[in-house]
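Note that the structure is predicted; figures quoted are calculated from it, not measured. Order of the sequence lines fixes the chain letters, A, B, ..., with proteins taken first and strands second; residue numbering starts at 1 for each chain.
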2 protein chains.
Amino acid sequence: MIYRAMTDELHERLLAEGREPLRPAHGYTFRLLEARDDVTTVALADHLGITKQAASKIAAELESWDYIERRPHPTDGRARVLALTPKGLAYVRHADELWGLTEDRWAAVIGPDRLDQLHADMHAYVTAAGGRAALRPVW
Amino acid sequence: MIYRAMTDELHERLLAEGREPLRPAHGYTFRLLEARDDVTTVALADHLGITKQAASKIAAELESWDYIERRPHPTDGRARVLALTPKGLAYVRHADELWGLTEDRWAAVIGPDRLDQLHADMHAYVTAAGGRAALRPVW
DNA sequence: GGTAGATAGTCAATCAGGTTGACCATTATA
DNA sequence: TATAATGGTCAACCTGATTGACTATCTACC
């Protein structure tokens, strides 16, 4: 419920500003591209926990909206590197701000120290569960 | 990630025992039927955050597997009341045990007191966000 | 008491976001 | 240098949802 509630709140904020209807999968893609500059389609698929075909569709979609671009890979002739465009980066920065608002609301409810602890506890569990988990929907 | 990791862990436990491949949506349905004895298809749809047509399909599926039954509503001739069968109730009880194991693993990582606090904090947020949130996938 | 509108549920068609499988081009390995 | 593995694409299909139309029953109001 809480995962859903927080994500819904963020998307409501984005929607209220008249942004394109990007889904969480797009957001997780942005986060990955923000953190690494050597992301291929296969790497994205692995990150999202979906097949490379599905990841390719998502990448094509984001490219058509000019949020990311596909560059030739510097050393591997088969691969292409996915990277955020300036528009994509701006979107990420803005989403960060809005997510901050959502987290602030939580901090206001339970107190910032408890929120920090909560972060740490959840992080500890994911680490104990194998370090990473898929970001796919639970359904 | 954590939502996904915990759910995956529970389903792995269920799968390891050779149970039918019930999905989280079925689990959320069981929880609702366990808590209330006046659940109609429309009420289930509202609980899951899906249309009544989709909820009807889930109910039909669970009925065909003999986990729930549809009884005529005592006062409303249009409606039908969904209720757990003995088989369904046994499944819920067993899933409770397995979920307990998953939570125990978390308690072992961060300590039981912190887990209690975490429950309370998440509950506080959902309450502040409007009391309830849909259980549908975030995607 | 009768009628208008709301509500519970079903059926059928469609859609979205994934999967599987086959394939090509390129790279790594023996 | 032949063979296997890998990155990516195309096409067909599947599943779990949605929208829309419909029936039967209930509720509210005159």
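- Residue A:Arg23 has a polar side-chain atom (N or O) positioned under 4.0 Å from OP1 or OP2 of C:dG17.
- OP1 or OP2 of C:dA8 has not a single side-chain nitrogen or oxygen of B:Arg70 nearer than 4.0 Å.
- Note on B:Ala54: a base of the nucleic acid sits closer than 4.0 angstrom, heavy atoms only.
- Using cut-offs of 30° and 60° on the angle between ring planes, the pair A:Tyr125 and B:Trp106 is tilted.
- A:Ile50 has its CD1 atom 14 Å from the C1' atom of D:dG8, to the nearest Å.
- The nearest whole Å value for the distance from the CD1 atom in A:Ile58 to the P atom in D:dG8 is 14 Å.
- Comparing A:Val42 and B:Asp76 by the nucleotide of DNA chain D that holds the closest heavy atom to each, the one mapping nearer the 5' end is A:Val42.
- Distances from the side chain of A:Arg80 to the nucleotides C:dA25, C:dG9, D:dT9 place D:dT9 closest.
- Mapping B:Ala43 and B:Lys57 onto DNA chain C by nearest heavy atom places B:Ala43 at the nucleotide closer to the 5' end.
- In this structure, the nucleotide among D:dA24, C:dT10, C:dT26 sitting nearest to the side chain of B:Lys52 is C:dT10.
- Judged by atom type and distance alone, A:Gln53 reaches the base of C:dG21 through a side-chain donor-acceptor pair under 3.5 Å.
- Atom CD in A:Glu61 sits roughly 17 Å away from atom C1' in D:dT9 (whole-Å rounding).
- A donor atom on one side chain and an acceptor atom on the other are found under 3.5 Å apart for A:Thr102 and A:Arg13.
- The aromatic rings of B:Phe30 and B:Tyr67 sit tilted, their planes meeting at an angle between 30° and 60°.
- C:dA8 atom C1' lies 10 Å from atom NE2 of B:His73, rounded to whole Å.
- Here B:Ser56 reaches the OP1 or OP2 of C:dT10: one of its side-chain N or O atoms lies under 4.0 Å away.
- Rounding to whole angstrom units, CG of residue B:Leu48 and C1' of D:dT18 are separated by 15 Å.
- In this structure, A:Thr40 reaches the sugar-phosphate backbone alone: every heavy-atom distance under 4.0 Å involves primed, P, OP1 or OP2 atoms, never a base.
- For B:Leu44 and C:dT10, the CG to P distance is 12 Å, given to the nearest whole Å.
- Taking only side-chain atoms of A:Arg78, from C-beta outward, the nucleotide of D:dG7, C:dT19, D:dC26 with the closest atom is D:dG7.
- At a threshold of 4.5 Å between non-hydrogen side-chain atoms, the residues B:Leu101 and B:Leu98 count as touching.
- Per the geometry, CG belonging to B:Asp46 stands 13 Å off P belonging to C:dT7, to the nearest Å.
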ring-ring contact (aromatic ring centres under 6.0 Å, His included) evaluation trace for B:His94 with B:Trp99: CA-CA 9 Å; B:His94 185 63; B:Trp99 181 256; over 10 Å; no
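- Within the 4.0 angstrom heavy-atom criterion, only backbone atoms of the sugar-phosphate kind lie near A:Thr41; the bases stay farther away.
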